[in-house]
Amino acid sequence: MAENLVIVESPAKAKTIEKFLGKGFHVLSSFGHIRDLSKKKLGIDVDKNYLPNYEVDPAKKKQVAALQKMVNESDVVWLATDEDREGEAIAWHLAEVLNVKKKKSYRITFNEITKDAIQNAIKNPREINIALVDAQQARRILDRLVGFELSPVLWKKVKPKLSAGRVQSVAVRLIVEKEKEIKEFQSSSYFRVTAVFSGKDKNGKPFELKAELQKNFQDIEKTRKFLELCKDSSFTVTDVITKPSVKSPAPPFTTSTLQQEASRKLGFSVSQTMLLAQKLYESGHITYMRTDSVHLSNMAIAAAKNEIISEFGEEYCKTRQFQTKSKGAQEAHEAIRPTYFDRKTITGTSNEKRLYDLIRKRTMASQMADAQILKTVISVSISKSPDQMFQAHGETIQFEGFLKVYRESSDDEQESPENMMLPPLKPGQELNRETINALKKFSQQPFRFTEASLVKKLEELGIGRPSTYAPIISTIQDRGYVEKGDIQGVERLVETLVLKGSQIKEDKKKETIGFEKAKLKPTDMGKAVTEFLLAHFPEIMNYQFTASVEKEFDRIAEGKLMWQKMIDSFYKKFHPQVSVAMELKEKRVGERLLGNDPQSGLPVYVKIGRYGPFVQIGESQADEKPRFASLPKGFDMDSVTLEQAMSFLAFPREVGKIGNEPVTVNIGRFGPYIYFEKKYFSLAKTDNPLTIGLPRAKELISEKRVRDEQNIILTFTEDPEIKVLNGKYGPYISYLKGNYKIPRDKKPENLTYADVKEIIEKGPVKSKRKK
DNA sequence: CAGTGAGCGAGCTTCCGCTTGACTT
């Protein structure tokens, strides 16, 4: 019989700790929270001072029963959940549900999983901190009230199944506002001038020097004039300034920085990174992956030191402890680091290996020496344009330090100036001018968010937690507020001027600007919902809302404020706003009158419906029913024009007849298509549904028919409705819109009519595999 | 894979933050 039961949150952690504690200690895990407010109902009795009604999660019943059994068999219960607000609450729920009062029970915490830390915790037990638990209850109840009162407003005013909340609605707002910023951005252009000089150094060795003019020109005339001056100018080195500088490594990874770097360096999505990290954690390769702390245990720092010295030598090592700066950090865990630094590689998939490598290098680098860099700036004067100056920037690494293993990436994809070794020049030296190049540049519009850069922004605002970053990103996409995709760049003609010899050559170059990969863009729905929420619930939508309620949670945790009081003063203001919004008689969210049809005079609207944005002609109360057409891809509710709306309403359009049968073109849920003889034929991306004619329609029809023909393996004269087809997932039987699986032991091409009949009798695809 | 959107109005949807499985196409 185990005398001591230790309960932690994660099963992987339980395994590790059990090893450290040895005999007499049993370690089990709660798998996170075991109890929560009712899943379906509000679960809060607003009239009884916000009394919460907690229920054991049905999915956790089994685990709770197992815990109960062990509690009954143990003498002492140690509640060792995480050392943060949520962890304290989990400990409290465990104590309540498992009725540990009957036993000796203690609350213990440690924020690193080392033998010392755990034994130390056992020596310093304490009571559950009820004030901290109350702060968690306030957090939980506030989120529930906001989420479960706001969402139904959206169901009524916009469309069912939508959602709103303290975190997700602000995340969507960030994306909506970014898009607005980009739309309003006024691009300005300028000419950037660069020069290539040559010469010979003291030893007669030829060199080349690239330098940039310190001033940009606003227009092409001024640029031309300048190049004219350069034609007959002499160029002299006026200054050579060298300055030593140091670069220090970045701290080890937290969840958010790991997601950012994995996105920039490896191209992983946020959820992909977390899945891989979970694998690495479960295999014992890395420490816990949901953390906001940059703290490393002394043991880890010592291990990193060992590894750095043996791999690179003493001079490469410089240990440090970093301070966590991010807002609202609770630091229940260490930073994300390898469990064993001497494991250079691990077994696993190639992506697991790549992520492990990133984590190991980042952690190692954080304990390595600063890089010593010598920065050099060479200034070059222009004889005929004395108020201008060329400059060359050079960087030489004197000592690599941490750069030997790791260099952090940055979000702005701005091309960095060429930092190279510069030739050893002295002031006064004359240079030969080779070419001078002027290139038209455009000021950079703001970047849209990637998943990872959105997480970074949320973290800066103190919104969301490491365990929720990935789910937030999924939720706002699942709800249709935000879409991830590539942003197509626009082609621009860019003017260039080149001075070579005594000739100035002007040219125009094509350049694609503004292409962005895997960026987040708001949908019409996201924009409309954000606008609505901003109008009626400005406090919740405020970027500072979370930070301000966090301050109150802190006061609750300090015992200076009753959680019910805090919730009450919030709810007294919030709830009436909900009632007002519910009763709004105004037209539905996002609706806009585009104008009147010049032909009929009927009003034309753009609205959001159950299936997304659409245009409508006519009033719904009128005698004549209105007609509808969905907004095709690539059109925005807020920019669509009356003319465009009228063109959508022109569908379905007859393009002609084949025999007596009409051929029409229409736009459906999956894009434009041709409809002929009760069959559908998708248009190609290059086809324009507004102008497509009969010849092209015929082409599409026959192409599709050929494709279908090729997929037919067998048909039967007995019943033309039955076909054996080759599909995306292999051969199958199709009969009256139902699909049927072909048994493994039969070859599809050898099936007889009787075989097929038998398979169909057995029922459609629903493999009832017995275990 | 495919043409909806108003209107009758049952019964459903929804939050954030802890943690991992799993009945399948």
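Protein chains get the first letters and strands the later ones, always in sequence-line order, with residue 1 at the start of each.
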Any chance the rings of A/F635 and A/F648 have centres within less than 6.0 Å?
-> yes
Heavy-atom distance under 4.5 Å between the side chains of [X] and [Y], does that happen here?
X      : Y      : value
A/L132 : A/F553 : no
A/F681 : A/Y675 : no
A/V549 : A/M566 : yes

Heavy atoms from C-beta onward define the side chain here; which of [options] lies closest to that of [X]?
X      : options                : answer
A/H333 : B/dC18, B/dT20, B/dT19 : B/dT19
A/D82  : B/dG17, B/dT13, B/dC18 : B/dC18
A/S467 : B/dT19, B/dG3, B/dC16  : B/dT19
A/Y673 : B/dA2, B/dT14, B/dC18  : B/dA2
A/F614 : B/dG3, B/dG5, B/dC16   : B/dG5
A/S163 : B/dT14, B/dG21, B/dG5  : B/dT14
A/S630 : B/dT14, B/dG3, B/dT4   : B/dT4

A/L162 and A/S151 have their tightest heavy-atom pair at O-CB, 3.9 Å
Indicate, with a heavy-atom threshold strictly under 4.0 Å, whether [X] touches base, sugar-phosphate, or nothing.
X      : result
A/G32  : base
A/T475 : sugar-phosphate
A/L142 : nothing
A/A164 : sugar-phosphate
A/R35  : nothing
A/V146 : nothing
A/F651 : nothing
A/Y281 : sugar-phosphate
A/G87  : nothing
A/P11  : sugar-phosphate

With respect to the phosphate group of [N], does any side-chain polar atom (N or O) of [X] fall under 4.0 Å of OP1 or OP2?
X      : N      : result
A/Y288 : B/dT19 : yes
A/Q616 : B/dA6  : no
A/Q278 : B/dT20 : yes
A/R166 : B/dT14 : no
A/K40  : B/dT14 : no
A/R290 : B/dT20 : yes
A/R465 : B/dC18 : yes
A/T468 : B/dG17 : yes
A/S30  : B/dT19 : no
A/S151 : B/dC15 : no

Between atom [atom1] in [X] and atom [atom2] in [N], what is the gap in whole Å?
X      : N      : atom1 : atom2 : value
A/W155 : B/dA10 : CH2   : C1'   : 15 Å
A/K13  : B/dT19 : NZ    : P     : 8 Å
A/E331 : B/dC18 : CD    : P     : 14 Å
A/F574 : B/dC15 : CZ    : C1'   : 10 Å
A/M289 : B/dT19 : CE    : P     : 7 Å
A/E55  : B/dC15 : CD    : P     : 17 Å
A/K60  : B/dT20 : NZ    : C1'   : 8 Å
A/Q137 : B/dC16 : CD    : C1'   : 15 Å

Pick the C1' atom in B/dT13 and in B/dG9, then give their distance to the nearest Å.
->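 Straight-line distance between the two C1' atoms is 16 Å.
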Rounded distance in Å between the P positions of B/dA22 and B/dC18 | 24 Å
Determine, answering yes or no, if A/F148 is stacked on B/dT14 under the 5.5 Å centre rule and the 30° plane rule.
-> yes
Intra- and inter-strand pairing of DNA chain B, written as dot-bracket with Watson-Crick and G-U pairs under 3.5 Å and | for the latter, reads .........................
Side-chain-base donor-acceptor pair under 3.5 Å for A/R140 and B/dC15 | yes
Is there a donor N/O on one and an acceptor N/O on the other, under 3.5 Å, for the side chain of A/Y469 and the base of B/dG17?
->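 Not at all, since no donor on one side and acceptor on the other fall under 3.5 Å apart.
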Gap between atom CG of A/L79 and atom CD1 of A/I90 - 0.5 Å precision |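 One gets 11.0 Å once the value is rounded to the nearest 0.5 Å.
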Geometric cation-pi criterion A/R173 and A/Y543, 6.0 Å radius, 45° cone = yes
DNA chain B: 5'-proximal contact among A/Y680 and A/I472 (nearest heavy atom) = A/Y680
Map A/N666 and A/V167 onto DNA chain B by nearest heavy atom, then report which one ends up closer to the 5' terminus.
-> A/N666
Is the closest side-chain donor-acceptor distance between A/D597 and A/S600 under 3.5 Å?
-> yes
Angle class for the A/Y288/A/Y281 ring planes (parallel below 30°, perpendicular above 60°, tilted otherwise)?
->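 The arrangement is perpendicular - the two ring planes meet at more than 60°.
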Taking the six-membered ring for Trp, are A/H93 and A/Y54 parallel (under 30°), tilted (30 to 60°) or perpendicular (over 60°)?
->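 A/H93 and A/Y54: perpendicular rings.
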Out of A/R290, A/R140, A/R139, A/R465, which one pairs with A/E86 under the salt bridge (Lys or Arg N to Asp or Glu O under 4.0 Å) rule?
-> A/R139
